[in-house]
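Side chains included, hydrogens not; waters and symmetry mates left out as well; all remaining heavy atoms used.
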Amino acid sequence: MTDPVGKLPSELDQLPDRDPEETAEWAASLDAVTQAAGPHRAAYLMRRSLQHAEGAGLALPKLLETDYVNSIPTAAEPAFDGDLEMESRITAWNRWNAAAMVTRGARYGVGGHIATFASAAWLYETGFNHFFRGKKGDGSGDQLYIQGHASPGIYARAFLDGRLSEQQLDNFRQEAGGEGLPSYPHPRRLPWLWEFPTVSMGLGPLSAIYQARFNRYLANRNIKDTANSHVWAFLGDGEMDEPESTAALALASREQLDNLTFVINCNLQRLDGPVRANFRVVQELEAQFRGAGWNVVKTLWGNAWDELFQLDTTGALLRRLREVPDAQFQTYATRDVAYIREHFFGAEPALAELAKLLTDAKIGECFYTSRGGHEARKVYAAYKAAVEHKGAPTVILAQTVKGYTLGKGFESKNANHQMKKLSIDEFKGMRELLGLPIPDSAFEDGLVPYGHPGADSPEVRYLQERRAALGGPAPARRVHAVALPQPEERAFKALYKGSGKQEMATTMAFVRLVKDLMRDKETGKRWVPIVPDEARTFGMESLFPSAGIYSPLGQTYDPVDRDQLMYYKEAKDGQILNEGITEAGAMADFIAASTSYATHGETMIPFYIFYSMFGWQRTGDQMWQLADQLGKGFIVGATAGRTTLTGEGLQHADGHSHLIAATNPASLNYDPAFAYEVAVIVKDGLRRMYGPEAENVFYYLTVYNEPKPQPAMPEGVEEGIVKGLYRFKEGTPAKADAPRLQLLASGTAIHWALEAQELLAADWGVTADVWSATSWGELRRDALEADEALLRGEQQVPYVTQALSGAPGPVLAVSDWMRQVPDQISQWVEQDWSSLGTDGFGLSDTRAAARRHFGVDAQSIVVASLAQLARRGEVPASAVKEARERYGL
């Protein structure tokens, strides 16, 4: 036997063949089958052989795709544990009310989405009736990531259950009065119902993976038994194009997260048209998930297709299903049976013969309605297989029709995502299809009515009994007391006293503080250090042997640095989450840990430390997700600023994260200059987030990698540190009438301001007071609150105005950030205002050269100060020119 012409070498060519003659016989047998029975029969035998080998335990690579059929045949489906007729009536009411709610809202132009839930109704209802654990049972219940556009269906179910009123449904997307319903899952807006914000597509699947992983983390650290918690993520097939959707698939399989199930609603449509117009998204997703090590369950066809598959004795039907692209299959759902006979069954003679055995009614049923995702028994079988599978996460690929039951005007139409209402006649047609007892008289006012069988109806009793057996209502968010005892003062005092002559960067000061706090007997185990593969950059390697790096497998190898004091120690109960090179994954960790107080009733204190350039800029959408989910903790932008990270260049030079962070109302943003400021801010943060009157906020701290001697904390500055501004060093006038000004600086810029203070006094006889601006953002927040008070007729003076009141001379603000960062507070400063900053792109050079380049070094501050004073006539204009020449500017 000879190899085919042009055959490329494979890995098999590298393996020894102990019996070439036997190998040749196997190959010849395959050739013979191909010639005698055709390539399709040969391919079938090969797949059967691989399936048999896998079942026999032979180590063979798995096929990434299977035929375009259900993974669970009808004959193998388990018995349905429920009253299917009753559940059909419940689902019908929920379909109706979801569509009615959005249509009624169209009167006010508030919009809404109907088609998504219409396609996914049974995917949710089967879970609610049989699988989703509530929070009133043992443990924490299940975590449900609801597809954002399906929210009307969840509200409809809560209405049927008695948790929402008609008035609330009528206030869908009308929240200003306080009684409305948010458009999508938003815990901050409806905190008793929603746990997870999901409509920023792609973040739901990523967060679900890390939530499932964090559940295991809590269990392995003996903090909470999460064995009975399962994570369900409901996703759209179009959503899977977001890179975050599939970014962590390998993590889920690597850590064997069989407590996780993805349910992907494959209605083959995204917002504007087909997901894969010329391809097959189900097959693509199957290959992607199988390749990542997931268990894949395909639920594609309803029972009506069983007859077709039984008649397919040649495999022609399966071949045709494999080759028809999604957009064409969508077209079949909108055309008459004659079109389907010609364009689907007419593709080859064997299919044409099969079609002769089928009535028009059967073909119409198969191509118009019969999808696996629309049949409760199919969905039930898939869910049961998912929760019983061990050793890997499961993805269920459920095929549906977008807009199902909404009528021909909606079903499978490209525009149905943007279609916001049905006509009265369309509702009447839907009523007949669903079999709902809604009389024509209910439409007399021109509005579609809500439907409800009655609080004591068999449907509602059945629904409530099912939920009671599963542990109470779902979805639901339960807020537990989060108060933690304040840690011992000893850890903070170490930074209060300063470092003497020893130099220390504020990054190292923060890590040292947290290391001490992690030793606290009461709260130490609650800390969750999170870092994306740069722990050594931030000086965190000292935590490795003491806290351990979390791994569900522990440490199955001898680390190369085992003989060193700070060796790389992994442990099953490790405290550190070292995520590798994934800021998105680390941020998903942070969200899971920061909301554990509600999800699991276990308050955790996460801190996530990262290169500041790769925080808000790269994962800012997740910061908003964190705010929506009411998360708490410390986000730490280390190696901050545009001039401190020498040599790294433009891409690592962060001069804008504080500007982005200022846009998030839940983020309290600080830029401390000294170690003692870090201590005061962290201590106050623990009080505000975890004390008796806990607030739903999180902290963003920027710390620097520039070692400096750390001064001891002056007396009485704590309030100013927390509020955002205090006078650090008052200038000493050389004479009574010396010109004077105020220098405001944050972070590492305080050192340039202090040097400028000395130069101004020594070279120009100018007195400058230096203020530490620990938070431009908090100063602005306080000032905005004062402005709002004025609108209510209340007199309230902003803190920054009070602090600087009467301070002589103009104000010059300087930082390692863009000028817009300090300029946030300029309108509330009564003195003449100007600022210096690092606007533009970063660059690689020494710190001194970078600061001279941006005009923020001490000499530049002096020149800018003199220019301000010259404009006021307090120094000669010539002094500015003379200073520029003296300092080489």
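In this structure, the side chains of Leu260 and Trp294 come closer than 4.5 Å at one or more pairs of heavy atoms. Within the 4.5 Å cutoff, the side chain of Glu244 has no heavy atoms near those of the Pro205 side chain. In this structure the side chain of Ser119 never reaches within 4.5 angstrom of the side chain of Val401, judged on heavy atoms. You'll find the side chain of Phe117 stays beyond 4.5 Å of the side chain of Arg157, heavy atoms only. Annotation: side chain of His149 is in contact with side chain of Leu271 (closest heavy-atom distance under 4.5 Å). Within the 4.5 Å cutoff, no side-chain heavy atoms of Phe131 are placed close to those of His230. Counting only heavy atoms from C-beta outward, the side chains of Phe196 and Leu144 never approach each other to under 4.5 Å. Contact check for Phe427 versus Leu406: no side-chain heavy atoms found under the 4.5 Å cut-off.
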Are Leu235 and Val263 close enough, and set up right, to give a side chain to side chain contact (heavy atoms under 4.5 Å, CB included), and what steps lead you there?
CA-CA 6 Å; Leu235 317 168; Val263 181; over 6 Å; no
Could you go through Lys362 and Glu307, starting from their C-alpha distance and side-chain angles, then the distance that decides it, and tell me whether this counts as salt bridge (Lys or Arg N to Asp or Glu O under 4.0 Å)?
CA-CA 9 Å; Lys362 171 59 70 173; Glu307 181 181 345; 3.6 Å; yes
After noting the C-alpha distance and the side-chain angles of Val231 and Thr261, does the key distance pass the side chain to side chain contact (heavy atoms under 4.5 Å, CB included) rule?
CA-CA 6 Å; Val231 178; Thr261 298; over 6 Å; no
In sequence, state the C-alpha distance, the side-chain angles, and the governing distance for Thr299 and Gln399, and then conclude on side-chain hydrogen bond (donor to acceptor under 3.5 Å, both in side chains).
CA-CA 6 Å; Thr299 303; Gln399 188 173 173; over 6 Å; no
Check step by step if ring pair (Phe, Tyr, Trp, His ring centres under 6.0 Å) holds for Tyr332 and Phe344.
CA-CA 8 Å; Tyr332 293 144; Phe344 182 83; 5.7 Å; yes
As a quick check of understanding, evaluate side-chain hydrogen bond (donor to acceptor under 3.5 Å, both in side chains) for Asp17 and Thr23, giving each step before the final call.
CA-CA 8 Å; Asp17 188 347; Thr23 304; 2.9 Å; yes
Take Arg276 and Asp241 through the test salt bridge (Lys or Arg N to Asp or Glu O under 4.0 Å) and record every step on the way to the result.
CA-CA 10 Å; Arg276 290 290 181 272; Asp241 281 348; 2.5 Å; yes
After noting the C-alpha distance and the side-chain angles of Tyr124 and Phe234, does the key distance pass the ring pair (Phe, Tyr, Trp, His ring centres under 6.0 Å) rule?
CA-CA 9 Å; Tyr124 291 106; Phe234 288 84; 4.5 Å; yes
Go through the steps to decide whether Glu85 and Arg89 satisfy the test salt bridge (Lys or Arg N to Asp or Glu O under 4.0 Å), and finish with yes or no.
CA-CA 6 Å; Glu85 182 181 350; Arg89 294 205 299 271; 3.4 Å; yes
Residues Arg280, Glu284; criterion salt bridge (Lys or Arg N to Asp or Glu O under 4.0 Å); working and verdict
CA-CA 6 Å; Arg280 288 155 298 283; Glu284 179 182 314; over 6 Å; no
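Distance check: Tyr404 OH to Arg95 CZ gives 6.5 Å after rounding to the nearest 0.5 Å. One finds the CD atom of Glu365 at 13.0 Å from the CG atom of Asp360 (value rounded to the nearest 0.5 Å).
For the pair Lys298 and Tyr68, the cation does not sit on the ring face, since its NZ or CZ is not both under 6.0 Å from the ring centre and inside 45° of the axis. Both tests pass for Arg335 against the ring of Tyr339: distance under 6.0 Å to the centre and angle within 45° of the axis.
Side chain of Ser151 to main chain of Pro185: no donor-acceptor pair is present (N/O by atom type, distance under 3.5 Å, no hydrogens or angles). The main-chain N or O of Pro393 is never found under 3.5 Å from a side-chain atom of Asp258 such that the two would form a donor-acceptor pair. In this structure, Arg270 contributes its side chain and Glu239 its backbone to no donor-acceptor pair below 3.5 Å.
A donor and an acceptor atom, one from each side chain of Thr74 and Lys378, are located under 3.5 Å apart. At a cut-off of 3.5 Å, with distance as the only test, no side-chain donor of Thr116 or Gln147 sits close to an acceptor on the other residue. For Asn265 and Lys402, the side-chain atoms include no donor-acceptor pair closer than 3.5 Å. No side-chain donor from either of Thr400 and His374 sits under 3.5 Å from a side-chain acceptor of the other. Counting only N and O atoms by type, the side chains of Gln211 and Asn215 include a donor and acceptor under 3.5 Å apart. Side-chain polar atoms of Glu375 and Tyr380 form no donor-acceptor pair below 3.5 angstrom. Side-chain N/O atoms of Glu87 and His130 include a donor and acceptor closer than 3.5 Å.
Classified by interplanar angle (parallel below 30°, tilted 30° to 60°, perpendicular above 60°), the ring pair Trp232/Tyr383 is tilted.
The environment of NZ in Lys421 is sparse: at most 12 heavy-atom neighbours from other residues, nucleotides or ligands sit within 6.0 Å. Other residues, nucleotides and ligands contribute more than 12 heavy atoms inside 6.0 Å of the CZ atom of Phe309. Applying the 6.0 Å contact sphere to CD of Glu432 captures more than 12 heavy atoms from other residues, nucleotides or ligands.
Pairing each heavy atom of Leu317 with each of Asp312, the nearest pair is N-OD1, 3.1 Å. Nearest heavy atom pair, residue Glu77 against residue Ala381, reads CG-CB, 4.0 Å. Between Arg133 and Asn228 the shortest heavy-atom distance is NH1-O, 3.0 Å. Considering all non-hydrogen atoms of both residues, Pro152 and His113 come closest at CG-O, 3.4 Å.
The ring of Phe329 has its center closer than 6.0 angstrom to the ring center of Phe367.
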